[in-house]
Engineer: 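Dropping a structure here in structure tokens format, bear with me for questions.
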Amino acid sequence: MGGMNIMLFHSAYGPRPAVAEAAGRLRAAGHEVWTPDLFEGRTFDSVEEGVAYKEATGKDELLKRAVLAAAPYSERGLVYAGFSFGASVAQTLALGDDKARGLLLLHGTSDIAENAAVDELPVQLHVAEPDPFETDDWLTAWYLRMGRAGADVEVYRYAGAGHLYTDSGLPDYDEEAAEATWRVALGFLDALED
């Protein structure tokens with residue numbers, strides 16, 4: 001098969017090398033990948049700096065940038081994917097795109113609009129356990145709301161890993177959890193091709 005078309009969004013740290021590494025891994029598996037830069041070239045050394053930039057720029061502006069990045073490719077049937085903040089962006093776009101083929105969430109989720117409705121959209125979430133940004137209560141509620149919206153959700157938890165455990169350049173990095181995540185995620189993407 002020709003692989004999937006994947007729109008991969010960066011975390012609040014910005015377009016760090018880990019995003020390019022992830023895209024390279026996905027391309028090596030036969031997928032086409034786009035990595036839009038929602039922060040206009042800025043990267044940050046701490047999550048606090050990234051969140052401050054995100055808040056100063058505004059959620060609406062960042063979503064607009066994401067929509068404009070994805071729009072030229074949405075007819076192809078995209079898999080939306082992202083890291084932490086980027087996962088929340090990916091989720092928002094996937095739930096609003098009736099041509100979306102899948103949603104791959106790494107380290108993050110987002111609120112779900114009451115009227116969100118998808119037709120059995122395949123969704124896979126990979127998250128640390130525990131995760132200060134994705135608490136157990138939140139994830140339980142999120143899972144139920146995604147199911148009500150019509151998504152087909154799988155959740156994978158990684159005990160003892162830090163929040164952004166797939167980014168080898170951050171203190172959160174957990175090689176074992178990261179490799180397990182990529183094995184499962186690549187299997188998920190392969191299954192979407194069938």
Engineer: With the 4.5 Å side-chain cut-off for hydrophobic clustering, are V155 and F133 part of the same group?
Structural biologist: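 No, it is not one cluster - the side chains of V155 and F133 are not joined through contacts under 4.5 Å.
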Engineer: Would D60 and R65 count as a salt bridge (Lys or Arg N to Asp or Glu O under 4.0 Å) if you check the C-alpha gap in whole Å, the side-chain angles of each, and the deciding distance to 0.1 Å?
Structural biologist: CA-CA 9 Å; D60 290 346; R65 292 175 188 178; over 6 Å; no
Engineer: Should T181 and Y158 count as side-chain neighbours, where that means a heavy-atom distance under 4.5 Å?
Structural biologist: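 Yes. Closest side-chain heavy atoms under 4.5 Å.
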Engineer: Report the residues that fulfil ring-ring contact (aromatic ring centres under 6.0 Å, His included) with Y143, sequence neighbours left out, ordered by chain and then residue number.
Structural biologist: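 ring-ring contact (aromatic ring centres under 6.0 Å, His included) check on Y143 returns nothing, list empty.
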Engineer: Heavy atoms, side chains only, cut-off 4.5 Å: are F9 and L38 in contact?
Structural biologist: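 Side chain of F9 against side chain of L38, heavy atoms only: contact under 4.5 Å found.
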Engineer: Donor-acceptor check, side chain of H107 to backbone of H163, threshold 3.5 angstrom: yes or no?
Structural biologist: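 Here the side-chain-to-backbone pair exists.
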Engineer: Does any N or O in the side chain of R101 come within less than 3.5 Å of the main-chain N or O of L192, such that one atom is a donor and the other an acceptor?
Structural biologist: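 Between the backbone of L192 and the side chain of R101 there is a qualifying donor-acceptor contact (under 3.5 Å).
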Engineer: State the OG1-NZ distance between T57 and K64, to the nearest 0.5 angstrom.
Structural biologist: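 Answer for the OG1-NZ pair, T57 versus K64, is 12.0 Å.
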Engineer: Measure the CH2-CG distance between W182 and L189 for me, rounded to the nearest 0.5 Å.
Structural biologist: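 Rounded to the nearest 0.5 Å, the CH2-CG separation comes to 8.5 Å.
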Engineer: If you count every heavy atom of other residues, nucleotides or ligands that lies below 6.0 Å from E154 atom CD, does the total exceed 12?
Structural biologist: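 Yes, the 6.0 Å shell around CD holds more than 12 heavy atoms from other groups.
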Engineer: Let me check something: do F188 and L103 share a hydrophobic cluster, defined by ILVMFWY side-chain heavy atoms less than 4.5 Å apart, either directly or through other members?
Structural biologist: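 Per the 4.5 Å side-chain linkage, F188 and L103 are not co-clustered.
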Engineer: Name the one of L106, L164, L170, T43 that satisfies side chain to side chain contact (heavy atoms under 4.5 Å, CB included) with S11?
Structural biologist: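 The option that passes is L164.
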Engineer: So, the side chain of Q124 versus the backbone of L104: is there a donor-acceptor pair under 3.5 Å, distance only?
Structural biologist: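 Judged by distance alone, no pair lies under 3.5 Å.
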Engineer: Locate the shortest heavy-atom distance separating L125 from G108; write the atom from each residue and the value.
Structural biologist: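 The pair with the smallest heavy-atom distance is CD1-O, 3.6 Å.
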Engineer: Tell me whether the guanidinium CZ or amine NZ of R76 lies under 6.0 angstrom from the six-membered ring centre of W34 and within 45° of its axis.
Structural biologist: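 Checked: cation-pi criterion not met.
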Engineer: With rounding to the nearest 0.5 angstrom, report the CD to CG distance, E21 to D167.
Structural biologist: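 Rounded to the nearest 0.5 Å, the CD-CG separation comes to 7.5 Å.
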Engineer: Using the rule that two of Ile, Leu, Val, Met, Phe, Trp, Tyr join whenever any of their side-chain heavy atoms come within less than 4.5 Å, decide whether V19 and V51 are in one cluster.
Structural biologist: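 V19 clusters together with V51.
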Engineer: Compute the centroid of each ring, for Y173 and then for Y165, and state whether the two points are separated by less than 6.0 Å.
Structural biologist: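 No, too far apart.
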Engineer: Can you give each donor-acceptor pair under 3.5 Å made by side-chain atoms of residues 86-98, sequence neighbours left out, with the distance rounded to 0.1 Å?
Structural biologist:
from : atom 1 : to   : atom 2 : distance (Å)
S88  : OG     : F85  : O      : 2.6
Q91  : OE1    : S110 : N      : 3.1
Q91  : OE1    : W142 : NE1    : 2.9
Q91  : NE2    : S110 : O      : 2.8
Q91  : NE2    : D111 : O      : 3.2
T92  : OG1    : S88  : O      : 3.0
D97  : OD1    : K99  : N      : 2.8
D97  : OD2    : Y80  : OH     : 2.6

Engineer: May I ask you to decide whether E61 forms a salt bridge with K59, counting only side-chain N to carboxylate O separations under 4.0 Å?
Structural biologist: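 A salt bridge is absent here (no side-chain N lies under 4.0 Å from a carboxylate O).
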Engineer: Side-chain contact, heavy-atom cut-off 4.5 Å: L121 with V153?
Structural biologist: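 Side chain of L121 against side chain of V153, heavy atoms only: no contact under 4.5 Å found.
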Engineer: Between the side chain of R27 and the main-chain N/O of E32, is any donor-acceptor distance below 3.5 Å?
Structural biologist: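 Side chain of R27 to backbone of E32: no pair is present.
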Engineer: Taking side chain as C-beta onward, heavy atoms only, is Y73 less than 4.5 Å from M7?
Structural biologist: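 Yes, side chains in contact.
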Engineer: Any side-chain heavy atom of H126 sitting closer than 4.5 Å to one from V184?
Structural biologist: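 The answer is yes; the side chains approach within 4.5 Å.
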Engineer: Assigning hydrophobic clusters by single linkage (Ile, Leu, Val, Met, Phe, Trp, Tyr; side-chain heavy-atom cutoff under 4.5 Å), is V118 placed with L105?
Structural biologist: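 In one cluster with V118: L105, yes.
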Engineer: Is there a continuous path of hydrophobic side-chain contacts, each under 4.5 Å between heavy atoms, that joins M4 to F83?
Structural biologist: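 Cluster IDs for M4 and F83 match.
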Engineer: What distance separates S84 OG from Y13 OH, expressed to the nearest 0.5 Å?
Structural biologist: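 Between atom OG of S84 and atom OH of Y13 there are 8.5 Å.
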Engineer: I would like to know whether D152 and V123 meet side chain to side chain contact (heavy atoms under 4.5 Å, CB included); could you show each step before the answer?
Structural biologist: CA-CA 6 Å; D152 180 11; V123 178; over 6 Å; no
Engineer: I'd like to check R157 versus L139 (side-chain heavy atoms, cut-off strictly below 4.5 Å). Are they in contact?
Structural biologist: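 Side chain of R157 against side chain of L139, heavy atoms only: contact under 4.5 Å found.
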Engineer: Between the main-chain N or O of D45 and the side-chain N or O of E49, is there a donor-acceptor pair closer than 3.5 Å?
Structural biologist: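 Checking the backbone N and O of D45 against the side chain of E49, a donor-acceptor pair under 3.5 Å is found.
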Engineer: How about H10 and F39: are their ring centroids closer than 6.0 Å?
Structural biologist: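 Yes, they do, as the ring centres are separated by less than 6.0 Å.
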Engineer: Check whether any side-chain heavy atom of E193 lies under 4.5 Å from a side-chain heavy atom of H31, and answer yes or no.
Structural biologist: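 Yes, close enough: below the 4.5 Å cut-off.
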Engineer: What I'd like to find out is whether the side chain of T166 reaches to under 4.5 Å of the side chain of E179, using heavy atoms alone.
Structural biologist: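 SC-SC contact between T166 and E179 ruled out.
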Engineer: Between P36 and A69, what is the shortest heavy-atom contact and its length?
Structural biologist: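 Scanning both residues completely, I find the closest heavy atoms to be CB-CB, 3.5 Å.
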